[in-house]
Amino acid sequence: MSRAGWAWLRLVFGAAVLGVLLWRVGSGPFLAGLRTVDATALLLGTLLAVPVTVCCAWRWTLVARGLRVPVPLAGAVAAYYRSQLLNTTLPGGVLGDVHRAVRHGRDAGRPGRGLRAVAWERLAGQTVQVAVAVPVLVLLPSPVRLSLPLVLAGVLVLGLVIRLLVLAGGGTRGGRAVRRD
C-alpha cells in the first residue's frame with residue numbers, strides 16, 4: 001500500500017475509534033469535562049506544558065546527536081507531542097515513545113540507534129524525576145514518608161542486581177552494539 005493509502009487508513013481508523021467511543025459512551029462525559037476547564041486553567045497548563053515539552057525534545061536531540069542519529073529540534077518537538085498524545089491515550093503509557101523511536105530509527109536509517117536514543121533520553125528524564133522527587137518526599141510532609149526508606153532500599157537492591165547482571169553478561173555488549181549499528 002502506498003504512503004498516502006496508509007495515511008488515509010490511519011485517518012479512517014482514528015475516526016472509527018472516535019465514532020465507537022461516541023456511540024458507546026456518548027458525548028456527556030466529554031462535555032462535562034470541557035465545562036470544568038476554564039480559560040485560566042488552559043493558559044496555565046499551556047504555559048507549563050510547552051516549555052517542558054520543548055526541553056524534553058531538546059534533551060532527545062542531544063542524546064540522538066551523541067549517538068550520531070541527529071534529529072532537528074522542530075521535528076523533535078512535533079514527534080514529542082505525538083508521543084505524549086499516544087502515551088496518554090493508548091494502554092501502557094509508552095507506545096508513543098516506541099513509535100517515536102521506531103520512526104526516528106527508520107528516518108535516520110539506523111533503527112537500533114534510534115531506539116537507543118529514545119531509551120537513553122527517557123532514562124535520563126526518569127532519573128531527573130527521581131532525583132527531584134526523593135528530596136521533596138524526604139523534606140516535605142508526605143503520606144509516603146514512612147515507606148520511603150523501604151522504597152529506596154528496594155531501588156538500591158534492584159540497581160545492584162542489574163549491575164551484577166550486566167557484569168555477568170560481559171558488560172560490553174551495549175558498547176559493541178552501538179559501534180556496530
Side-chain angles (χ1 to χ4, degrees), residues 3 6-7 9-18 20-21 24-25 29-30 33 45-46 48-134 136-137 144 147-148 150-152 154-166 169 171 173-178 180-181:
R3 189 174 271 246
W6 279 112
L9 185 64
R10 285 194 305 259
L11 182 64
V12 168
F13 181 73
V17 168
L18 290 175
V20 168
L21 278 173
R24 297 289 295 165
V25 179
F30 177 75
T46 301
L48 180 64
V50 170
V52 168
T53 302
V54 170
C55 287
C56 290
W58 180 55
R59 179 181 62 215
W60 179 34
T61 64
L62 295 176
V63 172
R65 189 178 322 132
L67 290 172
R68 295 183 307 279
V69 283
V71 59
L73 183 59
V77 170
Y80 223 95
Y81 271 115
R82 185 183 316 110
S83 74
Q84 287 174 340
L85 173 69
L86 294 174
N87 284 346
T88 56
T89 56
L90 296 175
V94 296
L95 294 175
D97 294 318
V98 171
H99 177 265
R100 180 167 53 104
V102 169
R103 189 168 186 173
H104 176 229
R106 271 195 211 144
D107 291 347
R110 308 300 283 271
R113 288 189 187 184
L115 290 168
R116 280 189 291 280
V118 172
W120 281 110
E121 179 270 326
R122 294 304 300 144
L123 179 64
Q126 296 301 315
T127 303
V128 168
Q129 283 188 358
V130 169
V132 170
V134 168
V136 167
L137 291 173
V144 298
S147 304
L148 201 56
L150 184 60
V151 170
L152 290 176
V155 168
L156 289 174
V157 167
L158 180 64
L160 181 62
V161 167
I162 290 171
R163 178 70 177 148
L164 291 174
L165 288 173
V166 167
R173 283 179 47 203
R176 283 195 306 268
V178 169
R180 195 172 51 236
D181 185 20

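Just so you know, residue 1 is the first one in the sequence shown, and it goes up from there. Because only heavy atoms are used, hydrogens play no part in the values below, and waters and symmetry mates are left out as well, while side chains stay in.
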Q: How long is the straight-line distance from CG of L152 back to CG of L156, given to the nearest 0.5 Å?
A: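 Reported to 0.5 Å precision, the distance equals 6.5 Å.
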Q: To the nearest 0.5 Å, what is the distance between CG on L115 and CZ on R106?
A: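 If we round to the nearest 0.5 Å, L115:CG and R106:CZ are 10.0 Å apart.
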Q: Check L95 against L90 and note the closest heavy-atom contact, atom names and distance.
A: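 Scanning both residues, the minimum pair turns out to be CD1-CB, 3.9 Å.
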Q: Search all heavy atoms of T46 against all heavy atoms of P51 and return the closest pair with its distance.
A: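 Taking T46 first and P51 second, the nearest heavy atoms are O-CD, 4.0 Å.
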Q: Are any non-hydrogen side-chain atoms of R82 and L86 less than 4.5 angstrom apart?
A: yes
Q: Any idea which heavy atoms bring A57 and L73 closest together, and the distance?
A: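 For A57 versus L73, the nearest heavy atoms are C-CD1, 4.1 Å.
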Q: At their closest point, which heavy atom of T61 faces which heavy atom of A76, and how far apart are they?
A: CG2-CB, 3.6 Å
Q: Run the numbers on V118 and R122 for side chain to side chain contact (heavy atoms under 4.5 Å, CB included), then give the verdict.
A: CA-CA 6 Å; V118 172; R122 294 304 300 144; 4.2 Å; yes
Q: What I'd like to find out is whether the side chain of V50 reaches to under 4.5 Å of the side chain of Y81, using heavy atoms alone.
A: yes
Q: Looking only at non-hydrogen atoms, find the nearest pair between W60 and A79 and report the distance.
A: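 Closest heavy-atom pair between W60 and A79: CZ3-CB, 3.7 Å.
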Q: Once rounded to the nearest 0.5 Å, what's the spacing between atom CD of Q84 and atom CG of D97?
A: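 Going from CD on Q84 over to CG on D97, the span is 9.0 Å.
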Q: Checking the side chain of R113 only, and the main-chain atoms of L67 only, is there a donor and an acceptor separated by less than 3.5 Å?
A: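 Yes: the side chain of R113 pairs with the backbone of L67.
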Q: Which pair of non-hydrogen atoms, one from R59 and one from G125, has the smallest distance, and what is that distance?
A: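 Heavy atoms of R59 and G125 come nearest at NH1-CA, 3.3 Å.
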Q: Nearest 0.5 angstrom please: R116 CZ to H104 NE2, how far?
A: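 Nearest 0.5 Å value for the CZ-NE2 distance: 12.0 Å.
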